[in-house]
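Chain identifiers are assigned alphabetically (A, B, ...) following the order of the sequence lines, protein sequences preceding nucleic acid strands; residue numbering begins at 1 within each chain.
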There are 2 protein chains.
Amino acid sequence: MPDAADLAPMNTPSRRKFRREGEERRRQDLIEATLNSVAEHGLEGATLRTIALRAGVTAGLIRHYFPSKEELLQEAYAALMGRMTEQAKAALVMEDASPRKRLAAFVTANLNAPIIDARVFSLWATFIGRAGSDPSLARAHREGYLGFRNEVEAVVAEVLAAEQREPDASQLRHHAIAINAIIDGLWVEGCLAGEMFSPGELATIGIKSIEAELGLAPERGENQ
Amino acid sequence: MPDAADLAPMNTPSRRKFRREGEERRRQDLIEATLNSVAEHGLEGATLRTIALRAGVTAGLIRHYFPSKEELLQEAYAALMGRMTEQAKAALVMEDASPRKRLAAFVTANLNAPIIDARVFSLWATFIGRAGSDPSLARAHREGYLGFRNEVEAVVAEVLAAEQREPDASQLRHHAIAINAIIDGLWVEGCLAGEMFSPGELATIGIKSIEAELGLAPERGENQ
DNA sequence: GCGCTATTTATACACTTGCACAACAAGCTC
DNA sequence: GAGCTTGTTGTGCAAGTGTATAAATAGCGC
């Protein structure tokens with residue numbers, strides 16, 4: 001449908017006003033608009049025009065910052081993964097706490113907002129669904145996954161060391177895989193049906209389950 | 001590009017030969033072609049023409065069986081979910097075995113082919129990614145998930161009863177949630193990076209982890 | 001204020017998409 | 001084999017797609 005300019009046959013140049021933003025800002029905005037579009041309507045609904053509309057610009061501008069739509073999508077996915085892993089690891093930097101407390105904090109952080117989030121899950125699922133046919137996506141995922149699992153393995157080693165236990169490499173790996181699965185599985189459940197769980201319930205379940213996996217005696221008295 | 005008919009200016013009627021298949025067969029073929037298309041190129045790549053080509057028919061025929069593309073996709077998703085839950089539950093019907101063996105068989109079945117499968121995972125992720133914005137998809141998922149979890153909870157109750165333990169409803173629910181997460185998490189890991197694990201390794205990890213979760217003493221002598 | 005440049009808009013284009021519909025023929029009944 | 005039903009094809013169409021490119025203008029250095 002033509003816009004109102006057609007109805008004013010006068011001398012309307014009527015070109016859209018615009019502002020020049022910084023390059024980094026524009027790229028960021030476009031990536032954010034892309035992620036929002038994908039989260040809401042899937043990859044199919046993320047058209048250049050939709051994305052541009054969300055970012056408050058016209059479609060043509062996208063090509064000025066990204067050589068093709070494919071590049072924009074890849075950068076958006078990279079940004080998403082970066083944010084996810086960054087948040088996930090952030091809970092591990094409590095230098096002073098005991099290994100066990102750090103592990104618990106890690107689990108708690110990963111099983112509450114903002115990591116438990118329907119929008120982020122939708123994005124993850126949408127992109128990861130193409131990992132089977134897109135090798136670059138598959139590699140990006142595997143790197144992120146291994147990095148995550150290595151973090152887990154490191155903390156687990158610390159926790160067990162503090163308990164005077166000396167697992168071999170194979171046992172350590174198995175623990176890390178299992179704990180990673182527990183966190184991932186609870187994350188999926190929480191994202192897909194968050195209202196089925198009371199606040200903090202998933203974290204409680206996760207911590208207990210992981211303690212059982214590691215053969216740790218339950219902590220007493222701490223919090224309820 | 002026009003087809004070869006243009007190059008033969010004779011009397012070529014040259015209409016494509018076809019066979020009339022049964023209705024159920026055609027619907028099944030179209031659904032299968034849809035799932036294959038989605039698995040390979042995502043929802044965006046699943047166009048009517050692509051699907052028809054895969055099914056060996058022309059695009060127009062699809063409308064004869066499905067009122068719209070949306071309906072076809074919904075039926076395809078329903079078929080996928082049905083197959084998945086059916087396979088997952090199939091391992092539970094060993095009437096005679098002990099509860100613990102049934103649980104182990106259930107876990108083993110869910111962490112090996114054909115349930116661990118990159119194509120199925122790709123499909124699951126692609127569809128579930130839209131659960132956030134499509135309420136009918138979300139409901140379909142939740143029903144499947146709860147059904148699965150209830151199955152788990154029932155077996156867990158049997159296992160614990162056989163050990164003379166009497167968990168209350170809350171403990172039972174927590175166990176079911178955790179075990180479900182373990183299976184789901186390992187399933188995701190296996191589908192996305194199956195070659196990182198030796199055959200049967202995921203099942204071994206899952207069984208051990210679940211036994212730890214339930215506080216069961218490890219079985220001895222059975223298999224390694 | 002005055003250019004200049006690069007950001008931004010707007011338009012064009014070739015192509016694809018889902019859907020509609022008319023023409024056709026496969027396979028049944030007689 | 002004739003006739004009919006309907007499954008199937010082929011074509012058309014309006015809307016939307018990504019990309020290319022020309023035209024405009026915002027905001028900088030001067």
Would you be so kind as to tabulate the donor-acceptor pairs closer than 3.5 Å made by side chains of residues 76-89 of chain B, with sequence neighbours excluded?
from: B:R83; atom 1: NH2; to: B:E32; atom 2: OE1; distance (Å): 3.3
from: B:T85; atom 1: OG1; to: B:M81; atom 2: O; distance (Å): 3.2
from: B:T85; atom 1: OG1; to: B:G82; atom 2: O; distance (Å): 3.2

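- As rounded to whole Å, 13 Å separates atom C1' of C:dA6 from atom CZ of A:R26.
- In this structure, A:E195 pairs ionically with B:R142, as a charged nitrogen and a carboxylate oxygen lie closer than 4.0 Å.
- No side-chain donor-acceptor contact under 3.5 Å links B:T50 to the backbone of B:A46.
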Report each atom pair, protein N/O against N/O of nucleotides 28-30 of chain C, whose distance is under 3.5 angstrom.
none

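- Shown for residues 62-73 of chain B: residues whose heavy atoms fall under 4.0 angstrom of DNA chain C, namely B:R63, B:S68, B:K69.
- Computed from coordinates, the A:L61 CG to D:dA24 C1' distance equals 14 Å when rounded to whole Å.
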Run B:F197 and A:I177 through side-chain contact (heavy atoms from CB on, under 4.5 Å) and show every step you take. CA-CA 10 Å; B:F197 308 98; A:I177 293 173; 3.5 Å; yes
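- Residues satisfying the side-chain hydrogen bond (donor to acceptor under 3.5 Å, both in side chains) test with B:R25, not counting sequence neighbours, are B:D29.
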List the atom pairs, donor and acceptor, that lie under 3.5 Å between side-chain atoms in residues 103-115 of chain A and the rest of the protein, sequence neighbours left out.
from: A:T108; atom 1: OG1; to: A:A104; atom 2: O; distance (Å): 2.9
from: A:N110; atom 1: ND2; to: A:F106; atom 2: O; distance (Å): 2.9
from: A:N112; atom 1: ND2; to: A:T108; atom 2: O; distance (Å): 2.9

Distances for protein N or O near nucleotides 1-4 of chain D N or O, under 3.5 Å:
none

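- Remark: B:K208 does not engage A:E213 in a salt bridge, criterion side-chain N to carboxylate O under 4.0 Å.
- Contacts of B:Y145 classified as ring pair (Phe, Tyr, Trp, His ring centres under 6.0 Å), with partners at least two apart in sequence or in another chain: none.
- Ion pairing of A:R19 with A:E21 is present here, as a side-chain N (NZ or NE/NH1/NH2) and a carboxylate O approach within less than 4.0 Å.
- For the pair A:R26 and A:Y65, the cation-pi criterion (under 6.0 Å, within 45° of the ring axis) is not fulfilled.
- For A:R173, the salt bridge (charged side-chain N to carboxylate O under 4.0 Å, His left out) criterion is met by B:E201, not counting sequence neighbours.
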The test is side-chain contact (heavy atoms from CB on, under 4.5 Å); show your working for A:I182 and B:S209 and say whether it passes.
CA-CA 9 Å; A:I182 292 169; B:S209 188; 4.2 Å; yes
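- Within residues 16-25 of chain A, the residues that place at least one heavy atom under 4.0 Å from DNA chain D are, in residue-number order, A:K17, A:F18, A:R19, A:R20.
- Applying the salt bridge (charged side-chain N to carboxylate O under 4.0 Å, His left out) criterion to A:R49, with sequence neighbours excluded, gives no partner residue.
- Of the residues in residues 35-58 of chain B, those with a non-hydrogen atom less than 4.0 angstrom from any atom of DNA chain C are B:A46, B:T47, B:L48, B:R49.
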Quick one: side chains of residues 150-158 of chain B, donor-acceptor pairs under 3.5 Å with protein atoms, not counting sequence neighbours, listed by atom name and distance.
from: B:N150; atom 1: ND2; to: B:L146; atom 2: O; distance (Å): 3.3
from: B:E158; atom 1: OE1; to: B:R102; atom 2: NH1; distance (Å): 2.9
from: B:E158; atom 1: OE2; to: B:R102; atom 2: NH1; distance (Å): 3.4

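- Looking at B:E40 and A:R130, no side-chain N of the basic residue comes within less than 4.0 Å of a carboxylate O on the acidic one, giving no salt bridge.
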